[in-house]
Structure formats: C-alpha cells, structure tokens
J.: 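This is the structure I want to talk about, given as structure tokens.
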Amino acid sequence: ETVIQLDDERYWPYAAVGTGSNDLLHIRLETTRNNAIADRFFAELRDKYDVDDAIFLVGGAAPLQRAVANTASVSDTNDMELEQRQKYRL
C-alpha cells in the first residue's frame, strides 16, 4: 500500500494501469482509504472500461480486495498462497 505525505496531510493513490501499454487508465487521490472509496474507484473504472475479463493486481489492502471480488479476477502482488487468491476469483 502506498501513501503520499505532503506536510501534515496523507493521501492514498488509487490507480489503474494498462498492463500492455503502461497507460494510466484511471486515478484518484484520496485522504483516507475505506470500502466506500474502493467501491467508487472500481465503479468508475467499470463505467469507463470493459473489465469483465480483467485481472486486477492489488496489494494487501482489504478494501481493494473486497471491491474487486465482485468486479473480476484478482491476483495479489504480495504473493498470497493460491488458495487465498482463489477466494477472490470469479
């Protein structure tokens, strides 16, 4: 999980990058992280792109894992065990 600190403020970036092109597809910078923000990020992403066959690489943040569980397949960049990954695959 990445956090950006500017003076006394913390910001969490939410970003989607095309793996084939490395293009930045969608980005949000938030002052907190929670389920509602993660849900909104993926809803906006679904509105912009066809993500039915997408595989999302997410870190260990529970809100991100939960948000993509109903979106598409998930793989974890933290090398989760295959059994743990499968619970997030559709």
Side-chain angles (χ1 to χ4, degrees):
E1 199 170 28
T2 300
V3 65
I4 299 167
Q5 182 145 356
L6 299 171
D7 297 322
D8 293 336
E9 298 290 324
R10 288 185 180 181
Y11 300 92
W12 282 263
Y14 291 73
V17 177
T19 56
S21 63
N22 273 347
D23 289 341
L24 188 59
L25 304 174
H26 188 56
I27 189 165
R28 294 187 64 85
L29 197 59
E30 299 289 348
T31 57
T32 189
R33 63 192 191 285
N34 59 40
N35 290 340
I37 291 170
D39 288 343
R40 183 175 60 219
F41 176 81
F42 283 101
E44 291 169 354
L45 188 62
R46 282 191 306 273
D47 288 345
K48 291 173 87 174
Y49 300 97
D50 178 15
V51 295
D52 290 340
D53 295 328
I55 296 176
F56 293 94
L57 304 174
V58 299
L64 292 175
Q65 292 177 354
R66 192 198 59 72
V68 297
N70 293 322
T71 302
S73 298
V74 175
S75 181
D76 189 320
T77 57
N78 292 332
D79 295 324
M80 294 174 96
E81 295 295 323
L82 180 59
E83 179 181 298
Q84 290 175 313
R85 278 195 245 159
Q86 289 300 323
K87 70 180 179 180
Y88 296 109
R89 289 194 183 274
L90 298 177

J.: Going by ring-ring contact (aromatic ring centres under 6.0 Å, His included), His26 matches just one of Tyr49, Phe41, Phe42. Which one?
T.: Phe41
J.: Quick one: does Tyr11's side chain get under 4.5 Å of Thr31's, heavy atoms only?
T.: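 Touching, per the 4.5 Å side-chain cut-off.
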J.: Decide yes or no for Pro63 and Asn34: does some side-chain heavy atom of the first lie under 4.5 Å from some side-chain heavy atom of the second?
T.: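 Contact flag for Pro63/Asn34 side chains = no.
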J.: Please round to the nearest 0.5 Å and tell me the distance separating atom CG of Leu45 and atom CD1 of Ile27.
T.: 12.0 Å
J.: Do Val3 and Leu29 sit in the same hydrophobic cluster, where Ile, Leu, Val, Met, Phe, Trp and Tyr count as joined when their side-chain heavy atoms come under 4.5 Å apart?
T.: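 No, because Val3 and Leu29 fall into different hydrophobic clusters, even though each may have its own neighbours under 4.5 Å.
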J.: Would the distance check show the side chain of Gln5 and the main-chain N or O of Asp7 forming a donor-acceptor pair, the cut-off being under 3.5 Å?
T.: yes
J.: Should the heavy atoms of other residues, nucleotides or ligands under 6.0 Å from CZ of Arg40 be counted, would the total exceed 12?
T.: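 Correct, the count exceeds 12.
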J.: Given the rule that I, L, V, M, F, W and Y join up when any side-chain heavy atoms are under 4.5 Å apart, are Trp12 and Val17 in one cluster?
T.: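 Shared cluster, no.
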